[in-house]
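Reading through the structure tokens given below for one structure.
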Amino acid sequence: MEEKVSRKQKSDIYILGIESSCDETAAAVVKNGRQILSNVISSQIALHTLYGGVVPEIASRKHIEKINQVIEKALLDAGCSLEDLDAVAVTYGPGLVGALLVGVAEAKAICYARDIPLVGVHHIEGHISANYIEHQELQPPFLCLVASGGHSHLVRVEDYGVYEIIGMTHDDAAGEAFDKVARAIGLGYPGGPKVDALAKEGDAEAIPFPRGKIEGAPYDFSFSGLKSAVLNYINQCHMKGVEPNRADIAASFQQAVIDVLVERTMLAAHNYHIDKVAIAGGVAANSSLQRAMQQSCEEQGKIFFHPSPIFCTDNAAMIGVAGYYEYIKGTRHGLDLNAVPNLKIGQR
Ligand code: KG4
Ligand code: ZN
């Protein structure tokens with residue numbers, strides 16, 4: 001332990017990232033912004049599967065149970081101790097208020113005890129920053145499609161911590177649509193990975209599901225019509241006495257989502273003259289989406305970036321990375337920092 005601690009140079013900046021906005025309790029130690037010394041995630045998925053979705057009260061209780069263990073392990077894996085930390089970065093929104101509060105309270109306690117800075121991080125800015133981890137060469141400006149369980153945003157990353165929202169969903173988020181369709185075809189929670197797997201056995205052109213467009217908003221999304229179309233299709237099958245082909249539904253639905261995400265992203269990249277395109281958030285773990293984006297980027301001469309699946313879904317390494325860039329800019333939060341369930345991107 002002592003030997004590892006002595007590896008920290010005076011000029012090194014160690015940030016402890018903490019994430020507890022939904023159903024993952026996570027902690028990570030990030031060195032100098034882009035080197036992940038540890039990345040510990042305690043997932044509650046198995047627990048919430050019983051209920052078909054995240055139960056906020058259960059999530060908060062589980063975070064309380066796990067958070068100290070997760071942080072201890074993150075420090076141990078990184079070979080450092082609380083004394084080595086320069087700051088703590090924590091997700092303070094958006095998310096489930098009770099869940100967020102656990103991470104925020106923990107971060108404040110550590111910062112108070114160690115007398116080190118507290119940096120509050122926006123969850124989506126964390127997702128975007130996940131792209132910096134495995135692409136050391138990636139620098140703003142770039143365009144990022146953020147598609148998760150709660151968000152579908154097209155974001156122009158102008159500089160570190162400087163964002164412009166170009167497009168957003170008018171109803172369901174892309175991940176939410178995956179989760180709802182998964183439930184409709186009996187796959188259970190969490191839907192994304194299960195639809196992704198089943199789609200590989202189906203025909204993506206079997207059912208012509210709609211590609212929702214918003215009049216006058218070329219970069220915005222709408223997935224509720226698509227979700228209803230899937231439900232209607234299943235009902236019609238049942239009324240005709242035919243068993244719906246679940247693999248074809250999964251593949252055709254997934255293709256409809258991907259077509260829309262890729263088309264809007266590439267249109268924005270073209271019109272805003274942005275040559276680097278990234279994706280982030282849980283849905284970015286979808287291998288067919290990655291392939292489709294890669295192909296479109298190649299065709300249009302853009303450079304494509306995506307995180308590995310472990311950095312797409314919720315984790316604390318991304319929070320540590322986003323927190324580092326805020327920390328070096330001088331962003332500091334007081335010990336009165338509160339959880340903000342509907343925090344806006346760019347709000348400090
Ligand atoms: O980013 P994330 O872990 O949590 C939020 O911030 O919401 O995203 C979770 C969402 C869920 O809706 C999940 O079904 C979806 O991401 N997801 C996927 C895949 N893996 C996770 N969607 C499509 N394909 C996947 N492989
Ligand atoms: Zn997330």
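Count residues from 1 along the sequence. Both counts, for ligands and for their atoms, begin at 1 and track the order of listing.
- Atoms of ligand 1 found under 4.0 Å from any heavy atom of His123, numbered from 1 in the order shown, are 6 (O).
- Formation of a donor-acceptor pair under 3.5 Å by the Lys62 side chain with backbone atoms of Gln44 is not found in this model.
- In terms of N/O distances under 3.5 Å, ligand 1 is approached by Asp314.
- More than 12 heavy atoms of other residues, nucleotides or ligands shown are found within 6.0 angstrom of NE2 on His170.
- The residue Glu24 has no part lying near ligand 1, judged by heavy-atom distances below 4.0 Å.
- Heavy-atom distances between Cys22 and ligand 1 stay at or above 4.0 Å for every pair.
- Shown here are the side-chain contact (heavy atoms from CB on, under 4.5 Å) partners of Arg114, two or more places apart in sequence or in another chain: Leu82, Glu83, Ile110, Ile116.
- Arg156 places no side-chain N or O within 3.5 Å of a backbone atom of Ile166 that could act as its donor or acceptor partner.
- Ranked by closest heavy atom to atom 5 (C) of ligand 1, the top entry among Ser43, Ser21, Ser148 is Ser148.
- Annotation: Pro190 places no N or O atom under 3.5 Å from an N or O atom of ligand 1; distance criterion only.
- Between Gly149 and ligand 1, an N or O atom pair is found at a separation short of 3.5 Å.
- Ring geometry for His273 against His270 counts as tilted: the plane angle lies between 30° and 60°, on a 0 to 90° scale.
- Of all atoms in ligand 1, numbered sequentially from 1 with element shown, those under 4.0 Å from a heavy atom of Gly175 are 12 (O).
- Each of the atoms 3 (O) of ligand 1 lies under 4.0 Å from some heavy atom of Thr313.
- Between His135 and the choices Phe311, Phe142, Phe305, Phe304, the ring-ring contact (aromatic ring centres under 6.0 Å, His included) rule is met once, by Phe305.
- Separating the CD1 atom in Ile41 from the CD atom in Glu19 is a distance of 9.5 Å, to the nearest 0.5 Å.
- The distance from the CZ atom of Arg34 to the CD atom of Glu137 is 8.0 Å, given to the nearest 0.5 Å.
- Contact annotation: His151 places no N, O or S atom under 2.8 Å from the Zn ion (ligand 2).
- Distance check: Leu101 CG to Tyr92 OH gives 13.5 Å after rounding to the nearest 0.5 Å.
- The part of His127 lying near ligand 1 is the side chain, judged by heavy-atom distances below 4.0 Å.
- Looking at atom 22 (N) of ligand 1, its nearest protein heavy atom turns out to be Gly192 CA, 3.3 Å.
- Metal site remark for the Zn ion (ligand 2): His127 contributes an N, O or S atom at a distance under 2.8 Å.
- The heavy atom nearest to atom 13 (C) of ligand 1, considering only Ile258, Val195, Asp179, is found in Asp179.
- Contact annotation: for Asp196 versus ligand 1, heavy atoms closer than 4.0 Å belong to the side chain alone.
- Protein heavy atom at the shortest distance from atom 24 (N) of ligand 1 is Asn286 ND2, 3.1 Å.
- Counting just the N/O/S atoms of Asp314, the one with the shortest distance to the Zn ion (ligand 2) is named OD1.
- Arg332 places a side-chain N or O within donor-acceptor distance of the main-chain N or O of Tyr327, the cut-off being under 3.5 Å.
- The line from CZ of Arg246 to NZ of Lys194 is 10.5 Å long, rounded to the nearest 0.5 Å.
- Short contacts between ligand 1 and Gly150, defined as distances under 4.0 Å to a heavy atom of the residue, involve ligand atoms 7 (O).
- The nearest non-hydrogen atom to atom 19 (C) of ligand 1, considering only Pro309, Ala197, Gly282, comes from Gly282.
- Each of Leu261, Ile258, Thr265 was checked for a side-chain contact (heavy atoms from CB on, under 4.5 Å) with Met293, and the lone residue meeting it is Thr265.
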